[in-house]
Amino acid sequence: MAAAVAMAALCRRFTAALRLSGARPGSTLAGLPGLRLNLFHKNLAKAEPLHQLKFLHTTLSRKGLEEFFDDPRNWGEKTVKSGDAWNIKQLRGKSSEDLHKLWYVLLKEKNMLLTLEQESKRQLKPMPSPERLEKVEKSMKNIDLVVKEREIALRLLQTGHEKPVPGEWRHDFLGRTYWYSYKEWPIPWYLNKKYKRRKFYYLPHVDRFIRLRLEKSLRIKARRQNLERTRQKVLERKFPHLAVKSQSQ
Amino acid sequence: YPLFQLGGPQLRIFRPNFFMLAVRPGVPQPEDTVQFRVSMEMTKVDIKNYLEKIYNVPVAAVRTRIQYGANNKRNHKNQRVKKPDYKVAYVQLGQGQTFQFPNLFPEKEQDAEARSFDDFKDKYMEREKQRQKGDPRRGGVPDWFGL
């Protein structure tokens with residue numbers, strides 16, 4: 001499981017550009033002179049000099065934790081207006097950096113909405129505009145798809161492989177065929193007791209069940225096709241003027 | 001995730017999908033402690049890094065526990081319905097910061113439409129109650145009794 005969450009390219013670029021002696025991005029100690037960088041806000045690359053706060057005692061801005069909650073003007077409203085989710089076509093036009101930043105914006109938005117949902121359940125009040133959650137989740141899924149597409153394309157060009165992890169088709173002990181992707185182990189397979197207990201072959205008595213399964217799937221498919229055909233006929237009978245005119249030779 | 005062995009590279013996740021939501025503590029907590037519900041797979045180190053890097057919040061200490069969701073409610077088919085488990089993290093903020101969970105549902109003045117709707121509702125309820133009461137000439141006794 002992850003031991004560190006690092007925004008590699010983004011961090012490195014900004015820190016390289018704005019590093020001062022002894023200043024770390026995100027270091028908010030009032031005593032240290034230097035620049036403080038707010039990386040994950042909408043207007044990025046806004047550096048605020050800190051040395052004025054050297055002799056002031058103030059609580060540092062809770063801008064961090066405030067992001068778990070909506071704009072205070074929206075508290076108590078019945079509905080909050082929000083735009084549509086991000087489309088895949090719109091996302092394909094964005095650069096990888098933009099997608100990266102958008103991902104974190106969406107993640108923070110999702111955290112905020114989940115906080116609001118839980119609080120509304122606690123206070124027994126309706127959550128204002130719950131559709132925002134679905135929009136955010138859809139956008140995040142779309143970003144994931146776009147990034148995966150780009151990764152696959154790059155991998156195909158560089159190595160010729162589509163999948164990140166190699167694998168092969170294998171049978172299980174019930175006769176079913178499935179794609180087994182290789183896993184990383186610290187020991188070879190002949191020392192792996194749990195792996196040796198798994199059977200990637202099936203005995204001859206399973207053939208009958210394979211045939212039964214095949215028949216069942218064929219029956220389901222035939223039933224689905226017949227249903228489709230009868231539905232089409234019913235529609236043609238009801239709306240004859242909308243029937244697709246078949247091209248006659 | 002790739003297997004880690006001694007001397008191997010540190011695992012870095014570039015687009016974390018882990019959610020974290022702030023909750024109002026059921027039991028009063030000290031001033032600097034914030035209570036979160038986090039994804040089950042997150043560790044204390046993960047939570048610290050998450051808050052520091054993404055939210056720019058200085059974290060002094062994190063303590064976690066897993067809350068078991070009960071499985072004894074039953075649905076209309078008498079099947080047991082499980083409430084999901086979740087991990088709770090108690091995060092103590094660094095640099096002497098304090099946090100008080102805000103009131104996210106303050107009373108707001110209703111607009112004209114809502115007020116008129118409320119008036120209409122009250123009037124309707126009153127009329128219903130009047131209809132329920134019995135005849136005042138017979139002493140308020142319901143019509144069910146008597147002739």
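Order of the sequence lines sets the chain letters (A, B, ...), proteins ahead of strands, with each chain counted from 1.
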| Measuring heavy-atom distances to chain B, does A/Glu77 have an atom under 4.5 Å in its side chain, in its backbone, in both, or in neither? | both
| With a cut-off of 6.0 Å (strictly less than), are more than 12 heavy atoms of other residues, nucleotides or ligands near NZ of A/Lys94? | no
| Interchain contact, B/Phe4 with chain A, by part (heavy-atom threshold 4.5 Å) | neither
| note | Nearest heavy-atom approach of A/Trp103 to B/Pro16 is NE1-O, 3.0 Å
| field | Heavy atoms of other groups near B/Lys82 NZ, more than 12 under 6.0 Å | value | yes
| field | Distance in Å, B/Met20 CE paired with A/Thr115 OG1, rounded so as to fall on 0.5 Å steps | value | 9.5 Å
| note | Bottom line for A/Met140: the part with an atom under 4.5 Å from chain B's heavy atoms is side chain
| query | Say you draw a straight line from OH of B/Tyr55 to OH of A/Tyr104; how long is it, rounded to the nearest 0.5 Å? | reply | 12.0 Å
| NZ (A/Lys183) with more than 12 external heavy atoms under 6.0 Å | yes
| request: Measure distances from B/Asn17 to the heavy atoms of chain A and classify the residue's part below 4.5 Å as side chain, backbone, both or neither. | output: both
| field | Part of A/Asp144 lying under 4.5 Å from any heavy atom of chain B | value | both
| query | Given the options B/Arg37, B/Arg24, B/Arg15, B/Lys48, which has more heavy-atom pairs under 4.5 Å with chain A than any of the others? | reply | B/Arg15
| request: Output the distance between atom CG (B/Asn103) and atom CD (A/Gln123), rounded to the nearest 0.5 Å. | output: 6.5 Å
| request: Mark yes when over 12 heavy atoms from residues, nucleotides or ligands other than A/Trp179 sit less than 6.0 Å from its CH2; otherwise mark no. | output: yes
| field | Taking every non-hydrogen atom, the tightest pair across A/Leu65 and B/Phe36 | value | CD2-CZ, 3.9 Å
| task | Nearest 0.5 Å please: distance from the CG atom of A/Asn111 over to the CZ atom of B/Phe18. | result | 12.0 Å
| From B/Phe101 CZ over to A/Arg122 CZ, what is the distance, rounded to the nearest 0.5 angstrom? | 8.5 Å
| request: Write down the atom of A/Gln118, the atom of B/Val23, and the distance for their closest heavy-atom approach. | output: CG-CG1, 3.8 Å
| field | Atom CZ of B/Arg65: over 12 foreign heavy atoms under 6.0 Å | value | yes
| Nearest atoms (heavy-atom pairs only) where A/Leu114 meets B/Leu21 | CB-CD2, 3.7 Å
| Quick one: of B/Gly26, B/Pro2, B/Ala114, B/Pro106, who has the most non-hydrogen atom pairs under 4.5 Å with chain A? | B/Pro106
| message | Between A/Pro126 and chain B, with a heavy-atom cut-off of 4.5 Å, which part of the residue counts as in contact: side chain, backbone, both or neither? | response | backbone
| field | Atom group of A/Val147 that falls short of 4.5 Å from chain B, counting heavy atoms | value | side chain
| Atom CG in B/Leu104, atom CZ in A/Phe68: separation rounded to 0.5 Å? | 13.0 Å
